[in-house]
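Remarks on the structure that follows.
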Amino acid sequence: MKRLLLVFITVLFLHGCASSLKLDPYALDGQKEIYQEGVESIISPKKSLVAIRPAESIYSSGNRPKIVITVLNGTDEPFNFSTENVQVFVDDNPHKVFTYDELVAEVKRQQAFGAFMAALNGISQSMNAANAGHAYSSGSINTYAYDNYGNSVYGYGTYTEHTYDPMAVQQAQAAASAQTIAYMQLVNNQAEQSLSSLKTMMLKKTTVFPQAWHGGYVAMEKIPDISQNHTIKVVVSILDEKHTFLLNQLKIDN
């Protein structure tokens, strides 16, 4: 149970690595290709300017693909911008884009389930601790005596013995309690780190005023059948105009 819990907590907020994938954007007519932090980016200049790039050029298939979208409001009126303005299509099929609130709710569900697993482990450890003070032993005994006539008499028997040490129970229960608290703290710490990362990086609804910038990370659902290459189309809608971007997803290892 203890080992299972540790493995669960480790993978609860982290995803396993299966294959390496690459998101490779390319410019369409009227778009420009630049580099940001060593990552290829595409700029679409219209009344407003939209820039898009992969969050990582290479990422694990165990993780969700993420892109970074930045907008410059080139109009004379403010507009709200969030994942509601972003559509994703994989091979022309609509694909899930996660909102900031959905990602936060997911982390909180993981946190609650992790706490449940830690509590379940605590119950198991507490039950074991309650039995820690009990000790049982057994053995055999040989006896030698004389009967009323002076004859030697030999005997054989077995015995069992039970002892109870309340201090051992107290120590075991204290250790079980400390372990449960440590597991709970680990779950909470990982959840807090995930929530902090979401708050800092992910795209959240914001009013973008004229000539102001806004942007953030956008997470989409994992793309099925990673053995095949896929075309990802991202459509960003701002007021009465649409900015369309294309990226290729490529598998770069076996």
Side-chain angles (χ1 to χ4, degrees), residues 3-28 31 33-43 50-70 83 86-111 113-114 117 186-187 189-203 215-236 243-254:
R3 185 172 183 179
L4 177 62
L5 178 65
L6 285 172
V7 172
F8 169 76
I9 293 174
T10 300
V11 302
L12 184 61
F13 298 93
L14 302 174
H15 301 280
C17 179
S19 298
S20 294
L21 304 175
K22 181 178 181 181
L23 285 180
D24 187 18
Y26 59 94
L28 300 176
Q31 296 179 344
E33 176 185 299
I34 65 170
Y35 283 84
Q36 293 178 304
E37 301 176 3
V39 180
E40 185 177 0
S41 307
I42 303 298
I43 293 178
V50 180
I52 186 173
R53 67 174 176 87
E56 299 173 304
S57 292
I58 299 174
Y59 71 98
S60 166
S61 61
N63 298 328
R64 290 169 178 154
K66 297 184 183 70
I67 54 178
V68 181
I69 299 177
T70 306
T83 52
V86 180
Q87 293 176 287
V88 172
F89 301 86
V90 176
D91 301 329
D92 292 325
N93 297 312
H95 199 67
K96 170 70 175 176
V97 174
F98 290 92
T99 68
Y100 171 75
D101 290 339
E102 287 175 330
L103 295 173
V104 168
E106 180 181 61
V107 170
K108 290 183 177 180
R109 286 195 301 271
Q110 292 173 338
Q111 181 183 15
F113 190 58
M117 291 292 290
L186 177 60
V187 169
N189 287 346
Q190 291 185 331
E192 288 174 3
Q193 291 174 6
S194 296
L195 291 173
S196 177
S197 177
L198 291 177
K199 183 177 181 180
T200 302
M201 302 175 62
M202 302 307 294
L203 182 66
Y217 285 64
V218 174
M220 65 186 78
E221 185 58 270
K222 295 178 184 178
I223 298 175
D225 190 13
I226 62 172
S227 63
Q228 302 294 324
N229 295 336
H230 298 281
T231 299
I232 301 173
K233 179 169 69 174
V234 180
V235 180
V236 180
H243 299 254
T244 301
F245 302 87
L246 292 181
L247 305 91
N248 286 326
Q249 180 189 263
L250 312 171
K251 185 178 179 183
I252 61 174
D253 67 356
N254 296 325

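All values below come from the heavy atoms of this structure, side chains included, with hydrogens, waters and symmetry mates left out. Computed from a predicted model, the values in this text were never measured in an experiment. Numbering starts at 1 and runs along the sequence shown.
- The structure places CD1 of I223 at 8.5 Å from CG of D91, a figure rounded to the nearest 0.5 Å.
- By the salt bridge (charged side-chain N to carboxylate O under 4.0 Å, His left out) test, E56 pairs with no residue at all, sequence neighbours left out.
- For V104, the side chain to side chain contact (heavy atoms under 4.5 Å, CB included) criterion is met by Y100, K108, L195, L198, not counting sequence neighbours.
- Under the rule for a side chain to side chain contact (heavy atoms under 4.5 Å, CB included), the partners of A105 that lie at least two apart in sequence or sit in another chain are R109.
- Between the side chains of T99 and D101, no donor-acceptor pair of N or O atoms lies under 3.5 Å.
- Without hydrogens or angle criteria, D24 side chain to N248 main chain gives no donor-acceptor distance under 3.5 Å.
- Applying the side chain to side chain contact (heavy atoms under 4.5 Å, CB included) rule to D92 yields the partners K233; only residues at least two apart in sequence or on another chain are considered.
- F98 places none of its side-chain heavy atoms less than 4.5 Å from the side chain of T83.
- Across G62 and K222, no two heavy atoms sit closer than the pair O-NZ, 3.1 Å.
- When the side chain to side chain donor-acceptor pair (under 3.5 Å) test is applied to S196, no partner is found at least two apart in sequence or on another chain.
- Separation of atoms CG (L250) and CG (L21) is listed at 9.0 Å; rounding is to 0.5 Å.
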Derivation and outcome, side-chain contact (heavy atoms from CB on, under 4.5 Å), residues V50 and I69: CA-CA 7 Å; V50 180; I69 299 177; 4.1 Å; yes
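- With values rounded to the nearest 0.5 angstrom, M201 atom CE is found 4.0 Å from Y217 atom OH.
- Atom CD1 of I252 is separated from atom OG of S20 by 5.0 Å, given to the nearest 0.5 angstrom.
- To the nearest 0.5 Å, the span separating NE2 on H230 from NZ on K251 amounts to 10.5 Å.
- Side-chain atoms of E40 and E33, non-hydrogen and from C-beta on, do get closer than 4.5 Å to each other.
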Worked verdict on L103 versus M202 for side-chain contact (heavy atoms from CB on, under 4.5 Å): CA-CA 9 Å; L103 295 173; M202 302 307 294; 3.5 Å; yes
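- At a threshold of 4.5 Å between non-hydrogen side-chain atoms, the residues F245 and L28 do not count as touching.
- Between I67 atom CD1 and I232 atom CD1 the span is 8.0 Å, to the nearest 0.5 Å.
- Under the rule for a salt bridge (charged side-chain N to carboxylate O under 4.0 Å, His left out), the partners of K96 that lie at least two apart in sequence or sit in another chain are E102.
- No donor-acceptor pair closer than 3.5 Å links the side chain of H243 to the backbone N or O of I43.
- In terms of the salt bridge (charged side-chain N to carboxylate O under 4.0 Å, His left out) criterion, residue partners of E106 (sequence neighbours excluded) are, by chain and number, R64.
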From CA spacing to verdict: side-chain contact (heavy atoms from CB on, under 4.5 Å), V234, V86: CA-CA 7 Å; V234 180; V86 180; 4.0 Å; yes
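- A heavy-atom distance below 4.5 Å is not found between the side chains of P25 and I52.
- A donor-acceptor pair under 3.5 Å is formed between the side chain of S61 and the backbone N or O of S19.
- Q87 contributes no side-chain N or O that, together with a main-chain N or O of V97, makes up a donor-acceptor pair within less than 3.5 Å.
- Residues meeting the side chain to side chain donor-acceptor pair (under 3.5 Å) test with S41, sequence neighbours left out: Q36.
- Under the side chain to side chain donor-acceptor pair (under 3.5 Å) criterion, Y59 pairs with Q249, sequence neighbours left out.
- Applying the side chain to side chain donor-acceptor pair (under 3.5 Å) rule to H95 yields no partners; only residues at least two apart in sequence or on another chain are considered.
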